[in-house]
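Working notes, beginning with the structure itself.
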Amino acid sequence: MALCQSLEALISMRYPETKLPKVTTTIFTEMSQLAADHNAINLSQGYPDFEGPKALLDRVTYYLNSGYNQYAPMAGVPALRKVIADKIARLYDRHVNVDTEVTITSGATEALFAAIAAVVTAGDEVIVFDPAYDSYEPAIEMNGGRAVHLPLNAPHFSIDWSAVRQAITTRTRMIILNSPHNPTGAVLSSDDLDQLTELVTGTDLILLSDEVYEHICFDGAQHQSLLRRPELAVRSFVVSSFGKSLHTTGWKVGYCVAPPPLSCEFRKVHQYLTFCTVHPIQLALADFLNGCPEFCLELPLFYQQKRDYFCELMTSSQFTLKPSSGTYFQLLDYSALGQHQNKTDVEFSRWLTTEAGVAAIPISVFYENSPDQKLIRMCFAKSNDTLQEACGKLCQI
Ligand code: PMP
Ligand code: GLN
């Protein structure tokens, strides 16, 4: 009897309203699943189909087998934080304090969430640029904030700084930047940083700079980290990820660099979100990067060659390729493919996966209000054999 009553109570119970009504399964999961179901070549979700460096894998094995399988320090392994601080000094000419300004996180995703949770409160507005990486808005909304979407200007997907100026209100707490930019491959210029500096100087605006592709800039361009500018660094959370730089996206190790008052608040969130990040991998990363600091410096050429190979293989296709200045993504315009002109990018991406055997990501899902463009994103972080096979199929359409 008691059991029946409790079952009844359970059945009549009302579950809470969703906190994230707009959220569904991500496009990355959806397209990777569709690719697997149809045995398509997966150029959708961004990850390499090759391994990270052997010396790094060996160090992970070493630490796994040497008793480093308990909690790491909350802020991250000191040796790894020092490697990061040294790199920032070398590349961006900024000296950050290893103890108070660098925190290791479980991927950039955790760092982005923790930074937003640390400073965004109910009613705050956060400016994001569309097409925007998918994790920003849910994190803003879970913390009671509202994303204010501003479109990047085609064809170069640049920021319209006068539109940013106009969008700032007394409620604006944060601006989120992402360079090199996923999904477009656009990069911020030094002039953009000038404009940003002018915009924020004298305000209390916080910046969150997603720089996970910091080491993947092409054609000799320098990555414009916000850490290069003292006026920006003083108000910024700068986030990066070892997944992108070391071909190890499945390890989910990233970091956040921020001045002490921001790092202090960041760590309050981090310590109750995950407390700490996977220990043996942090130790291995520190050893590898100490022994091989040039690895990241070789990435631009490595990925530029992949981009150029992909573009060359596509020259006989009917797609138009948009210039990619960074990341390992390439946008393709399919409006010249007569028989597919009327398909939305979501429809076309599904068709491409199920019928042509190559999976891609539609761009419209990263917009609040998508313009009428026929663009899909492909990932060229693949072996040359994979690229050849995929492009062979794409050129036949
Ligand atoms: N930001 C951007 C722009 C990304 O492309 C990604 C990766 N996929 C992330 C953040 C998340 O990185 P991580 O896998 O380290 O959580
Ligand atoms: N950042 C990766 C991409 O853009 C995907 C990460 C994920 O699947 N959440 O493809």
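Since the model is a prediction, treat every value here as computed from it, not as a measurement. In each ligand, atom 1 is the first atom listed, and ligand 1 is the first ligand listed.
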Polar contact flag for Ser106 and ligand 1 (N/O pairs, less than 3.5 Å): no

Minimum-distance protein heavy atom relative to atom 12 (O) of ligand 1: Ala108 CB, 3.4 Å

With Pro280, the side chain to side chain contact (heavy atoms under 4.5 Å, CB included) member among Thr61, Leu285, Leu64: Leu64

Proximity flag Tyr213 to ligand 1, non-hydrogen atoms under 4.0 Å: yes

Single hit among Arg267, His270, Gln271 for side chain to side chain donor-acceptor pair (under 3.5 Å) with Thr103: Arg267

Contact atoms of ligand 2, heavy-atom distance to Lys244 under 4.0 Å: 1 (N)

Any Asp210 heavy atom less than 4.0 Å to ligand 1: yes

Numbered atoms and elements of ligand 1 in range of Val212, under 4.0 angstrom, heavy atoms: 1 (N), 2 (C), 3 (C), 4 (C), 10 (C)

Non-hydrogen atom of Tyr133 closer than 4.0 Å to ligand 2: yes

Minimum-distance protein heavy atom relative to atom 14 (O) of ligand 1: Lys252 NZ, 3.1 Å

Per-atom contacts, ligand 1 versus Asn178 - under 4.0 Å to a heavy atom: 3 (C)

Step-by-step side-chain contact (heavy atoms from CB on, under 4.5 Å) determination, Glu389 to Ile41: CA-CA 8 Å; Glu389 200 188 336; Ile41 301 173; 3.8 Å; yes

Thr26, any N or O under 3.5 Å of ligand 2 N or O: no

Ligand 2 contact on Asn182 by region, counting heavy-atom pairs under 4.0 Å: side chain

Nitrogen or oxygen of Ser241 less than 3.5 angstrom from that of ligand 1: yes

With Tyr328, the ring-ring contact (aromatic ring centres under 6.0 Å, His included) member among Phe380, Tyr213, Phe310, Tyr47: Tyr213

Per-atom contacts of ligand 1 with Gly107, taking only distances under 4.0 Å to non-hydrogen atoms: 15 (O), 16 (O)

Reference residue His340; test ring-ring contact (aromatic ring centres under 6.0 Å, His included); the match among Phe348, Phe319, Tyr334: Phe348

Test item: Ser383 side-chain N/O and Thr386 main-chain N/O as donor-acceptor pair under 3.5 Å: yes

Any N/O pair Ser44/ligand 2 closer than 3.5 Å: no

Short side-chain donor-acceptor distance under 3.5 Å, Lys306 and Asn384: yes

Nearest neighbour in protein (non-hydrogen) for atom 8 (O) of ligand 2: Gln45 NE2, 2.7 Å

Validation row: Asp219, Gln304 side chains within 4.5 angstrom (heavy atoms): yes

Identity and distance of the protein heavy atom lying nearest atom 7 (C) of ligand 1: Lys244 NZ, 2.7 Å

Whether over 12 other heavy atoms sit under 6.0 Å from Lys87 NZ: yes

Ring-face cation contact, Tyr62 with Arg59, 6.0 Å cut, 45° max: yes

Min N/O separation Phe329 to ligand 2 under 3.5 Å: no

Atom CG of Asn65: over 12 foreign heavy atoms under 6.0 Å: yes

Protein contact to atom 11 (C) of ligand 1 [nearest heavy atom, distance to 0.1 Å]: Thr109 OG1, 3.4 Å

